[in-house]
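My questions all concern the structure below.
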Amino acid sequence: MTTLLVIAKEPRPGRVKTRLTPPFTPEQAAALAEASLADTLDVVARTPARRRVLVLEGAPGPWLPPGFEVVRQCAGGLDERLAAAFAGCDGPALLIGMDTPQVTPELLTVDFADCEAYFGPAEDGGFWALGLAEPDPSRLRGVPMSTPGTGAAQRARLTGLRVRDLPPLRDVDTASDAELVAREAPHGRFATELTRIAGVPR
């Protein structure tokens, strides 16, 4: 069975979702980040898995459900932190971030029986999911992160593997992203928090 990895930051004002400010305050952006993280962890908790691991920058809070191992993120760039997350696994693993609260257990229920990797592209040119049957950190080290070409560069690192592509999802980076994602998952904590803060109809 697969290990599910979630890489995340503690939702502290001024440290998360800075591209949401403005129009939101740092406190509102952190509240939205916490809701997004809580939705994501809830979905992972409901997905069959061998292990559920939160790879965290910061400290866990009341938003963390039971059943998760918490591992501190290593130092270095995002590519190094993602690589280290996979290095801590001894079997098939699927990694996601905290920016896609619309994700579902169905999307995360993967089977490596006839493939060696999964790749979930993000609509902004990045990626929202990466799965490796054999978690080789070298598949991530050196990939330029947080650029419009990140997804293509990471996908190229999977050359030679049998890859299954997952549907593209939208990351929550901007206020416009937040509105669109809330409409995709109108009953989640994220959509509820966005409505509370901004009065955005669901």
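Side chains included, hydrogens not; waters and symmetry mates left out as well; all remaining heavy atoms used. Given the structure is predicted, the values throughout are model-derived calculations rather than measurements.
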Practice prompt. Please confirm whether the backbone N or O of Glu10 pairs with a side-chain atom of Glu34, one donor and one acceptor, at under 3.5 Å?
Written response: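 Between the backbone of Glu10 and the side chain of Glu34 there is no qualifying donor-acceptor contact (under 3.5 Å).
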Fill in: Taking every non-hydrogen atom, the tightest pair across Thr47 and Pro105
OG1-CA, 3.3 Å
Discussion item. Does atom CD (Glu134) have a neighbourhood of more than 12 heavy atoms from anything else shown, all under 6.0 Å?
Written reply: no
Worksheet item: Going only through I, L, V, M, F, W and Y residues with side-chain contacts under 4.5 Å, is there a path from Val55 to Ile96?
Response: no
Discussion item. Nearest 0.5 angstrom please: Ile197 CD1 to Leu32 CG, how far?
Written reply: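 It is 4.0 Å, given to the nearest 0.5 Å.
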Worksheet item: Do Arg155 and Val163 have side-chain heavy atoms sitting under 4.5 Å apart?
Response: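 SC-SC contact between Arg155 and Val163 confirmed.
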Worksheet item: What's the verdict on side chain to side chain contact (heavy atoms under 4.5 Å, CB included) for Phe119 and Leu166, showing C-alpha distance, side-chain angles and the deciding distance?
Response: CA-CA 6 Å; Phe119 184 76; Leu166 296 168; over 6 Å; no
Discussion item. Please tell me whether Leu37 and Leu169 are part of a single hydrophobic cluster in this structure, the criterion being side-chain heavy atoms less than 4.5 Å apart.
Written reply: yes
Practice prompt. Mark yes or no for whether Arg52, through its side chain, and Val44, through its backbone, hold a donor-acceptor pair below 3.5 Å.
Written response: yes
Worksheet item: How about Pro92 and Thr3: do any of their side-chain heavy atoms sit closer than 4.5 Å?
Response: no
Worksheet item: When rounded to the nearest 0.5 angstrom, what distance separates CD in Glu80 from CE in Met145?
Response: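 If I round to the nearest 0.5 Å, the distance is 9.5 Å.
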Discussion item. Tell me the closest heavy-atom pair linking Glu193 and Ala31, and the distance in Å.
Written reply: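 Looks like OE2-CB, 3.4 Å.
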Worksheet item: Which pair of heavy atoms, one from Ala185 and one from Pro101, lies closest together, and at what distance?
Response: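 Closest heavy-atom pair between Ala185 and Pro101: CB-O, 4.4 Å.
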Worksheet item: Cut-off 3.5 Å, side chains only: do Thr192 and Thr195 have a donor facing an acceptor?
Response: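 Per modelled atom types, Thr192 and Thr195 side chains form no pair under 3.5 Å.
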Worksheet entry | Rounded distance [0.5 Å steps], OG1 in Thr150 versus CG in Asp124 | 8.5 Å
Worksheet item: When the ring planes of Tyr118 and Phe112 are compared, do they come out parallel, tilted or perpendicular, using 30° and 60° as the limits?
Response: perpendicular
Discussion item. I'd like to know if the side chain of Asp136 and the backbone of Ser138 have a donor-acceptor N/O pair within less than 3.5 Å.
Written reply: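 Checking the backbone N and O of Ser138 against the side chain of Asp136, a donor-acceptor pair under 3.5 Å is found.
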Worksheet entry | Contact check, side chains of Thr40 and Val6, non-hydrogen atoms, under 4.5 Å |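 When only atoms from C-beta onward are counted, Val6 and Thr40 do touch, with a gap below 4.5 Å.
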Discussion item. I'd like to know whether CZ of Arg162 has more than 12 heavy-atom contacts from other residues, nucleotides or ligands below 6.0 angstrom.
Written reply: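 More than 12 within 6.0 Å, yes.
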Worksheet item: Distance-only, no hydrogens or angles: does the Thr104 side chain make a donor-acceptor pair with backbone N or O of Leu107 under 3.5 Å?
Response: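 Side chain of Thr104 to backbone of Leu107: a pair is present.
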Worksheet item: Less than 4.0 Å between a side-chain N and a carboxylate O, is that true for Asp114 and Arg164?
Response: yes
Worksheet item: Just by distance, do the side chain of Gln102 and the backbone of Arg170 share a donor-acceptor pair under 3.5 Å?
Response: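 Yes, the answer is positive, given that a donor and an acceptor are paired below the 3.5 Å cut-off.
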Worksheet entry | Distance in Å, Ser36 OG paired with Leu194 CG, rounded so as to fall on 0.5 Å steps |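 Here the rounded value is 11.0 Å.
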Item to complete: To the nearest 0.5 Å, tell me how far Leu78 CG sits from Ile7 CD1.
Response: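 Result: 5.5 Å between the selected atoms.
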Worksheet item: Roughly how far apart are Leu82 CG and Cys74 SG, rounded to 0.5 Å?
Response: 9.0 Å
Worksheet item: Does the Arg81 side chain pair with the main chain of Gly76, one donor and one acceptor, at a distance under 3.5 Å?
Response: yes
Worksheet item: For residues Thr174 and Asp177, is any side-chain donor paired with an opposing acceptor at under 3.5 Å?
Response: yes
Item to complete: Considering non-hydrogen atoms only, spot the tightest contact between Leu108 and Trp128 and give its length.
Response: CD2-CZ3, 4.0 Å
Item to complete: Locate the shortest heavy-atom distance separating Pro11 from Val16; write the atom from each residue and the value.
Response: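 Nearest pair, atom of Pro11 first, then Val16: CA-CG2, 3.8 Å.
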Discussion item. Grouping I, L, V, M, F, W and Y whenever their side-chain heavy atoms are under 4.5 Å apart, do Phe127 and Phe86 come out in a common cluster?
Written reply: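 Same cluster.
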Discussion item. Quick one, Gln28 and Leu20 - any side-chain contact, counting heavy atoms below 4.5 Å?
Written reply: no
Worksheet item: Do Val43 and Val70 belong to the same hydrophobic cluster, where Ile, Leu, Val, Met, Phe, Trp and Tyr are linked whenever their side-chain heavy atoms lie under 4.5 Å apart, directly or via other members?
Response: yes
Practice prompt. Evaluate the side-chain proximity of Leu41 to Met98: yes if any heavy-atom separation is below 4.5 Å, no if none is.
Written response: no
Fill in: Smallest separation among heavy atoms of Arg12 and Ala30, with atom names
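Shortest heavy-atom contact: C-CB, 3.8 Å.
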Discussion item. Between Thr2 (side chain only) and Leu4 (backbone N and O only), is there a donor and an acceptor less than 3.5 Å apart?
Written reply: no
Discussion item. Do Leu95 and Leu132 have side chains that approach each other closer than 4.5 Å (heavy atoms only, starting at C-beta)?
Written reply: no
Practice prompt. Look at the side chain of Asp39 and the backbone N and O of Phe190, then say whether any donor-acceptor pair between them is shorter than 3.5 Å.
Written response: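 A pair under 3.5 Å: yes.
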Discussion item. Donor-acceptor check, side chain of Arg157 to backbone of Arg141, threshold 3.5 angstrom: yes or no?
Written reply: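 Pair found, side chain donor or acceptor close to backbone of Arg141.
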Discussion item. For Arg15, is the CZ atom crowded, meaning more than 12 foreign heavy atoms sit under 6.0 Å from it?
Written reply: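 Not more than 12 within 6.0 Å, no.
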Worksheet item: Hey, quick one: are Leu64 and Leu56 part of the same hydrophobic cluster, counting side-chain heavy atoms closer than 4.5 Å, chains of contacts allowed?
Response: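 Hydrophobic grouping puts Leu64 with Leu56.
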